[in-house]
**Q** 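Dropping a structure here in structure tokens format, bear with me for questions.
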Amino acid sequence: MAEQGEGQETITTTIEVSKELFLKFKALCVLKELTISGEIEKLIRSRVDELTKEAEKK
């Protein structure tokens, strides 16, 4: 995972997700020794990239 740059702002937010799905995700992160926040950031970054590419095509 890429480290956050010095001075990079972060945000804390609350989201609602299926409890079962979250617990599976959390268990996999623990098993693989990954941070939940780091993995969520990767997922968000990937999705933002996908949506940006789709928007550029239109």
**Q** Please report the interatomic distance CD(Glu41) to CD1(Ile44), rounded to the nearest 0.5 Å.
**A**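 That separation rounds to 7.5 Å.
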**Q** Rounded to the nearest 0.5 Å, how far apart are CD1 of Ile40 and CD1 of Ile15?
**A**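 Those atoms lie 5.5 Å apart.
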**Q** Please check if the side chain of Ser46 supplies one atom and the backbone of Lys42 the other of a donor-acceptor pair under 3.5 Å.
**A** no
**Q** So does Glu50 pair up with Lys53, basic N to acidic O under 4.0 Å?
**A**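 No salt bridge links Glu50 with Lys53.
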**Q** Dump the intermediate steps for salt bridge (Lys or Arg N to Asp or Glu O under 4.0 Å) on Glu54 and Lys58, then the final yes or no.
**A** CA-CA 7 Å; Glu54 287 177 17; Lys58 292 183 178 182; 5.9 Å; no
**Q** What about Phe22 and Leu43, same hydrophobic cluster or not, with Ile/Leu/Val/Met/Phe/Trp/Tyr joined at side-chain heavy-atom distances under 4.5 Å?
**A** yes
**Q** Output the distance between atom CD (Glu39) and atom NZ (Lys26), rounded to the nearest 0.5 Å.
**A** 15.0 Å
**Q** Could you see if Leu23 belongs to whatever hydrophobic cluster contains Leu21? Use Ile, Leu, Val, Met, Phe, Trp, Tyr and a side-chain cutoff under 4.5 Å.
**A** no
